[in-house]
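Data first, discussion second: the structure below is written as structure tokens.
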Number of protein chains: 2
Amino acid sequence: MKTDLRVLKTKDALHESLLSLLKERALESISITEICKAAKINRGTFYQHYGKVEDLFEEYFKEIMKDLAESYQAPYKYVERIETTKLNPATIRIFHHIEKFKKFYFIVFSKNVPLAYYYLLFDEIHVLMKEDFIAHQKIDKDVAVDMLSAYQSNAILGMVIEWYRQDFNKSAAEMNEQLVAILNLRLGG
Amino acid sequence: MKTDLRVLKTKDALHESLLSLLKERALESISITEICKAAKINRGTFYQHYGKVEDLFEEYFKEIMKDLAESYQAPYKYVERIETTKLNPATIRIFHHIEKFKKFYFIVFSKNVPLAYYYLLFDEIHVLMKEDFIAHQKIDKDVAVDMLSAYQSNAILGMVIEWYRQDFNKSAAEMNEQLVAILNLRLGG
DNA sequence: AATTTTATTATACAGTTGTTCAATAAAATT
DNA sequence: AATTTTATTGAACAACTGTATAATAAAATT
């Protein structure tokens, strides 16, 4: 036995309600009362599953994260050639994933949203990076793997922030080119 | 004429009230009503200056940012030797600054806090990086300066996140060593 | 020092939040 | 199909939010 059908029904209704409200207004302006009214779910039931609006959104977020992870199941599927540098296939799909869910990431990177979402994204990329470092023995004895992958994954996210601030008006392909160019610089000395 | 004395008095009282509450409880659990009661300021007055608790905190944040900026006025003051790499003095002071305001950054990096604070920190470092790139002509024609400095500054913040998650149980000096080691890797191919 | 300007206060109101409880209805188990 | 388990409901409560108003007090200007 897994999950009660009533719970599934409730959560589905709440998800759909939030998503339809998000099409019209910003996340921080949407109240719990409002979501429940639209979903025809008792407010007390909301509190049985979540603590705040953001927790409900986070559940939706995890669905999107699945897409990010799935992109890496068939790694070289979308990549034609990697000539300029040893860019791992995980990295090379991140910008495409963001581009695909542009609308969603406009919310994730907005100022008033809790840092928790950023961390969810960071952790997802962090893990992929780390796996790649270990798989390809790119490890230097003086550098802690966690530090290096934290450095690298957040660097990518730095580019995404910049991209977001320019209203995502670059293609994912252009972003990859920029990344390749940056990686080919010898940043240390 | 600059600012009304009454406004200064009000803001001082609110600042002090928030800080003393923060010593006992988490930011997200502190209500406006509570802050005002402790500060002996009318709640309506709070709304004349701020919209939410976080706005008040942000004002305090900007004070801390001044310290970060000031660290760079006398750049080599604290640096004994930079041998292993061309680490710019701005970069080398960031970890020390964070260490100095450890308590404060425990709030800034906590999950429930709005992304806005992260951006304030990011922008501060971003600007310092950018200035350094331009001053030292480290620019490659294929790389947009904004992208590069976004990449680099957020990479540093990635290390800070990792540091924070390890409860800041490394010294700022150790963090600098890690950074030097990472920069000396040739990340691109 | 008198006058003007403006920040702060006290009060009030409708809406949201977070929590609790007994009653009910729906699902799982036998 | 009958019974047990448990999610959902509806109602109520105190506290907080966000906003508006007239009265007051404090600061700035003349």
Side-chain angles (χ1 to χ4, degrees), chain A residues 1-60 62 107 110-117, chain B residues 1-60 62 107 110-117:
Chain A
M1 188 218 64
K2 223 29 186 317
T3 23
D4 198 307
L5 290 177
R6 289 168 294 185
V7 176
L8 291 178
K9 195 204 71 184
T10 297
K11 289 195 167 187
D12 274 358
L14 289 173
H15 281 145
E16 210 169 311
S17 172
L18 175 60
L19 286 212
S20 92
L21 285 167
L22 274 175
K23 280 172 191 156
E24 288 169 358
R25 297 193 283 99
L27 184 67
E28 71 264 23
S29 79
I30 298 169
S31 73
I32 292 171
T33 303
E34 196 172 12
I35 294 169
C36 293
K37 211 166 276 175
K40 292 191 178 73
I41 295 294
N42 191 276
R43 202 162 53 83
T45 307
F46 179 97
Y47 283 108
Q48 189 138 33
H49 299 295
Y50 314 99
K52 46 189 191 313
V53 179
E54 283 78 10
D55 297 338
L56 176 60
F57 183 76
E58 188 168 320
E59 213 167 53
Y60 173 51
K62 282 173 183 163
I107 299 170
S110 65
K111 286 176 85 171
N112 297 313
V113 125
L115 196 50
Y117 308 151
Chain B
M1 187 221 63
K2 227 16 185 333
T3 23
D4 198 308
L5 289 178
R6 289 169 295 185
V7 176
L8 292 177
K9 194 204 71 182
T10 297
K11 290 194 167 189
D12 274 358
L14 289 173
H15 281 146
E16 209 169 312
S17 172
L18 175 60
L19 287 212
S20 92
L21 285 168
L22 274 176
K23 280 171 192 158
E24 288 169 357
R25 298 195 282 99
L27 183 66
E28 70 264 24
S29 78
I30 298 169
S31 72
I32 292 170
T33 303
E34 197 173 11
I35 295 169
C36 293
K37 210 166 279 175
K40 292 191 177 74
I41 295 293
N42 190 276
R43 202 162 53 85
T45 307
F46 179 97
Y47 283 107
Q48 188 137 35
H49 299 294
Y50 314 98
K52 47 189 188 317
V53 178
E54 283 79 9
D55 296 338
L56 176 61
F57 183 75
E58 188 168 321
E59 214 168 53
Y60 173 51
K62 281 173 184 163
I107 300 169
S110 66
K111 286 176 87 172
N112 297 314
V113 125
L115 196 50
Y117 308 150

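Order of the sequence lines sets the chain letters (A, B, ...), proteins ahead of strands, with each chain counted from 1.
- Across all strands, K40(B) comes closer than 4.0 Å only to sugar-phosphate atoms, never to a base (heavy-atom distances).
- At least one side-chain heavy atom of F57(B) sits less than 4.5 Å from a side-chain heavy atom of L22(B).
- Between L5(B) atom CG and dA7(C) atom C1' there is a gap of 11 Å when expressed in whole angstrom units.
- With hydrogens and angles ignored, no donor-acceptor pair under 3.5 angstrom links the side chain of D4(A) to the base of dA7(D).
- Spacing between atom CD of Q48(A) and atom P of dT8(D) amounts to 6 Å, rounded to whole angstrom units.
- Interatomic distance, L27(B) CG to I107(B) CD1, rounded to the nearest 0.5 Å: 6.5 Å.
- Separating the NZ atom of K37(A) from the C1' atom of dG15(C) is a distance of 9 Å, rounded to the nearest angstrom.
- Rounded to whole Å, atom C1' of dC21(C) lies 12 Å from atom CG of N42(A).
- Regarding F46(B), its CZ atom lies at a distance of 12 Å from the C1' atom of dC16(D), rounded to whole Å.
- Comparing dT17(C), dT9(C), dA12(C) against the side chain of R43(A) picks out dT17(C) as the nearest.
- Note: NZ (K9(B)) to C1' (dT9(C)) measures 10 Å, nearest angstrom.
- Between T10(A) and dT8(D) there is a side-chain N or O to OP1 or OP2 distance below 4.0 Å.
- Proximity of Y47(B) to the phosphate of dG18(D): a side-chain N or O atom is located under 4.0 Å from OP1 or OP2.
- Nearest-nucleotide assignment on DNA chain D puts the 5′-proximal partner with K11(A), out of K11(A) and S31(B).
- Here the shortest heavy-atom pairing between P114(B) and K111(A) reads CB-O, 3.6 Å.
- For the pair L8(A) CG and dA28(C) C1', the computed distance is 14 Å after rounding to whole Å.
- Taken to the nearest 0.5 Å, the NE2 atom of H49(A) stands 8.5 Å off from the CD1 atom of I41(A).
- Note on K52(A) versus D55(A): salt bridge recorded, some NZ/NE/NH1/NH2 to OD/OE distance being below 4.0 Å.
- Nucleic acid contact class of T45(A) (heavy atoms, under 4.0 Å, all strands): base.
- OP1 or OP2 of dT8(C) has at least one side-chain nitrogen or oxygen of H49(B) nearer than 4.0 Å.
- Comparing the helix axis at one end of the helix from dA1(C)-dT30(D) to dT30(C)-dA1(D) with that at the other, each defined from 5 consecutive pairs, gives an inter-axis angle of 40° (nearest 10°).
- A donor-acceptor contact closer than 3.5 angstrom is absent between the side chains of E58(A) and Y50(A).
- Expressed to the nearest 0.5 Å, how far CG of L21(A) lies from CD1 of I35(A) amounts to 6.5 Å.
- A donor and an acceptor atom never sit less than 3.5 Å apart when one is taken from the side chain of R6(B) and the other from the base of dA27(D).
- Atom CG of L18(B) sits about 11.0 Å away from atom SG of C36(B), to the nearest 0.5 Å.
- Straight-line distance from the OH atom of Y50(A) to the P atom of dA7(D): 14 Å, rounded to whole Å.
- Taking only side-chain nitrogens and oxygens, T33(A) comes nearer than 4.0 Å to OP1 or OP2 of dT17(C).
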